[in-house]
Amino acid sequence: MKLSKAFIPTLKEVPADAVIPSHILMLRTGMVRMLSAGIYSFLPLGYKVLKKIENIIREEMDAIGGQEFHLPGLNPREIWEQTNRVEAFGDTMFHVKNRDYVLAPTHEEIMTYHAKGALKSYKELPQIWYQIQTKFRNEPRPRSGIIRGRQFLMKDSYSFDSSLENLDKSYDLHARAYRNIFERCGIKFFVVGASSGAMGGSKSEEFMVKSDAGEDTVAYCEKCGYAANVEVAQSISADIARNAESKELYEISTPNIKSIDELCGFLNISETECAKSRIYVLDGVPILVLMLGNDEVNEIKLEAAVGSGVRPAHPEELKEITGADAGSIGPVGFKGRIIADKRLKNANNMFSGANKNDYHIGGIDFDRDVKSADFFDLRTVQPGEKCTRCSAKLDVFKAIELGHIFKLGTKYTEALGANFLDESGKDHPIIMGSYGIGVDRVLACYLEQNHDDKGIVWDFRLAPFHFHLIGLNMKKPEIVQACNDIYFNLRQMSYDVIFDDRIDAQAGFKFNDADLLGMPVQIIVGDKNLQEKCVEIKIRKTGERYKISLEEFYIKVKELI
RNA sequence: CGGGGUGUAGCGCAGCCCGGUUAGCGCGCUUCGUUCGGGACGAAGAGGCCGGGAGUUCAAAUCUCCCCACCCCGACCA
């Protein structure tokens, strides 16, 4: 492709609305343009990369026996009503106004619809069906460019099996295929075991990429690969060492002392000598939750411990429940149920509120004074804490979900009546698995991970072009001639080449565009080198440059790829 | 849906408080000339319903009200 003819509208300046690197780079390199919030057009350069990603996915899906479909985005609402998902998706689903159609946010229903009546015998199973299609979701707030859009490209596949054991096999095939796909795309990813949420089903895993633009927060151990959403993640958090001697309880006047920090300052003690109290309400019944120092209550873990539906007590309720306002609440004398974080187990000589405004109590011995407490892991993992598996330090960061695989079970086949006959002629709902990849997210994540201050750094696997040929001073016939030869020959060797043949662009301008667009190898043809029958090769990633004779050039090229 | 912010040339912005000739600047674009290995220089140009509507006023990019779009934080997120 000649750059003078290519529609690759690069931007020198950073568009005001783009915040994260992938979004900025996609706009600056002319890969995408926004049409409306969360709705993007892919321009030729961006689409070229997208197709490369799709093809990697196709190869890996085909390798596990997947068969590609192309399903409609426009679906009859009726099918979605049979599985109750019009209601489940709610406002997230787009509805067509003048027909009873919806825009498909995913395709379980449609695949199951086609399986119904078509897959009748256990002999026809397993099947793995997939497609790469645009999905529509009315996100309340699109953001981060392509990462969270109202319309996005997704590879989704569905397995149909006759038994749970066979589902395991289909699932494992996908688990391996997904690893291959992300590795081939050059993405650094990790896998998180997750709950499968509203989709229903049992085991599931998410393929995640570390990114500040992510929507999930995860704890991750680089050493052993432990990864979990912070909602459920655990760490080895040091328990409090019990002092040899337990003091007696004593009341302290602490006027206007509310927070743990204030208390520590006032009494000149450390955080780990304090038990913080929070009041929660479950089904109208108050529960006192105790945390060590400034540890925050993880409400997901709390629900796991006491049951779902807990809420923090309103400030007005506190006095009625405990006799004091927030900041002066504590376990001693509290009459209701007490739940404590396990770090507090066996602790003694602790400080906490006195259930009397402006007073705290010291010398609290949890074994002696808070006998009714039940202990659970209730805290949120903090960075630097130790991994429960290998004791290495945990990292906590934001991450983007790139892929999700899970064992669906029979939710959809039952709802739509997709049954098969087993060996004994008995009817069963087909057992399904469901597996998704955000195809355009792969692109965005690749860019998040592979750029520098100059622009994109492609490697050969996803690069829209292998080589960026730069002819400096295209007014000189020798240079034009040399460039045309290289351009022709490389294409004969079936490489993709973008050729900056612009006559009016200065050298520096071309170099900067080349660095921005980020093709793995730049070939620079200039006057001085050419007089010595040489050209220059620059490796985008490392910045290394080689001056090389035209004879050796094609050999060197093969080495590079 | 709550909070904050922004809409002025293709892109990035100034002007708005405090209303007043023809609405500016940088980049980009067109033409000519010079330059030609790290975002060149000179000259001449083109390009605007100042997001939309209603109002106030002799007069509105500027003040008031309504609407719309987009961004950020939060809620939400199969």
Side-chain angles (χ1 to χ4, degrees), chain A residues 9-20 23-24 27-28 30 33-40 80 83-93 104-109 135-145 147-150 152 154 156 158 194-201 204 206 212-217 229 231 400-401 403-406 408 411-412 434-438 441 454-455 470-476 478-480 500 502-516 522-531 534-536 538 543 545 547:
Chain A
T10 58
L11 301 173
K12 200 195 283 192
E13 287 171 292
V14 178
D17 286 344
V19 174
I20 64 166
H23 190 196
I24 291 169
L27 289 170
R28 287 195 59 205
R33 285 286 119 101
M34 188 177 81
L35 184 62
S36 176
I39 304 176
Y40 287 83
W80 289 84
T83 56
N84 217 10
R85 287 176 102 201
V86 174
E87 199 191 336
F89 272 104
D91 196 46
T92 302
M93 183 179 255
T106 173
H107 278 90
E108 278 82 5
E109 277 77 358
K135 312 281 177 186
F136 302 90
R137 289 183 199 178
N138 184 22
E139 295 296 343
R141 190 185 146 207
R143 68 182 93 179
S144 305
I147 288 172
R148 189 165 196 80
R150 294 212 164 103
F152 55 95
M154 180 164 158
D156 47 328
Y158 306 91
S195 67
S196 41
M199 296 294 272
S204 88
E206 288 176 341
D212 288 336
E215 297 167 317
D216 297 299
T217 306
N229 198 302
E231 289 174 353
I400 297 169
E401 180 188 342
H404 195 172
I405 58 175
F406 55 100
L408 251 188
K411 177 177 160 146
Y412 299 99
S434 169
Y435 318 89
I437 292 178
R441 275 189 182 181
K454 293 238 160 202
I470 301 171
L472 302 174
N473 199 350
M474 291 297 286
K475 281 175 187 156
K476 301 215 165 161
E478 319 86 80
I479 291 181
V480 173
D500 193 342
R502 290 175 296 182
I503 296 169
D504 48 351
Q506 299 275 300
F509 199 94
K510 292 188 174 190
F511 289 139
N512 282 310
D513 256 2
D515 287 344
L516 174 64
Q522 296 171 13
I523 300 158
I524 301 152
V525 181
D527 217 9
K528 281 178 209 148
N529 282 334
L530 199 58
Q531 279 169 21
C534 286
V535 295
E536 183 177 309
K538 176 179 159 185
R545 294 154 183 276
K547 184 174 165 183

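Heavy-atom basis, side chains included; hydrogens, waters and symmetry copies ignored. Keep in mind the model is a prediction, meaning the values are calculated, not measured. Reminder, nothing fancy here: chain letters follow the sequence lines and each chain counts from 1.
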Query - Distance in angstrom units between A/Glu13 CD and B/G28 P, rounded - result: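 Between P of B/G28 and CD of A/Glu13: 9 Å.
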Query raised in the report: A/Ile400 CD1 to B/C77 P: how many Å, rounded?
Result: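 Result: 19 Å.
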Query - Donor-acceptor pair present, A/Arg137 side chain and B/C77 base, under 3.5 Å - result: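 Between B/C77 and A/Arg137, which were checked side chain against base, a qualifying N/O pair under 3.5 Å is absent.
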Requested in this report: Could you run through nucleotides 66-75 of chain B and give me one letter per nucleotide, 5' to 3': B if any protein heavy atom sits under 4.0 Å from the base, S if only the sugar-phosphate is that close, - if neither?
Outcome: ----SSBBBB
Report summary line: Counting primed atoms, P, OP1 and OP2 as sugar-phosphate and everything else as base, the B/S/- map of nucleotides 32-39 of chain B against protein heavy atoms under 4.0 Å is ---BBBBB
Between [X] and [Y], is any side-chain donor less than 3.5 angstrom from a side-chain acceptor?
X	Y	result
A/Asp515	A/Gln522	yes
A/Glu108	A/Ser434	yes
A/Tyr412	A/Arg85	yes

So what's [N] paired with, Watson-Crick or G-U wobble, going by both distances under 3.5 Å?
N	answer
B/C50	none
B/A43	B/U31
B/C77	none
B/A69	B/U6
B/C11	B/G26

Query raised in the report: Minimum heavy-atom separation for A/Asn473 to A/Ile479, with atom names?
Result: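 Smallest interatomic distance, heavy atoms only, reads O-CD1, 3.7 Å.
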Query - Salt bridge flag under 4.0 Å for residues A/Glu139 and A/Arg148 - result: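 Yes, this pair counts.
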Query - A/Arg33: side-chain hydrogen bond (donor to acceptor under 3.5 Å, both in side chains) partners, not counting sequence neighbours - result: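 Once residues adjacent in sequence are excluded, A/Arg33 has no partner under the side-chain hydrogen bond (donor to acceptor under 3.5 Å, both in side chains) criterion.
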Query raised in the report: So what does A/Met93 touch, heavy atoms closer than 4.0 Å: a base, only the sugar-phosphate, or nothing?
Result: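 No contact at all - A/Met93 keeps every heavy atom at 4.0 Å or more from the nucleic acid.
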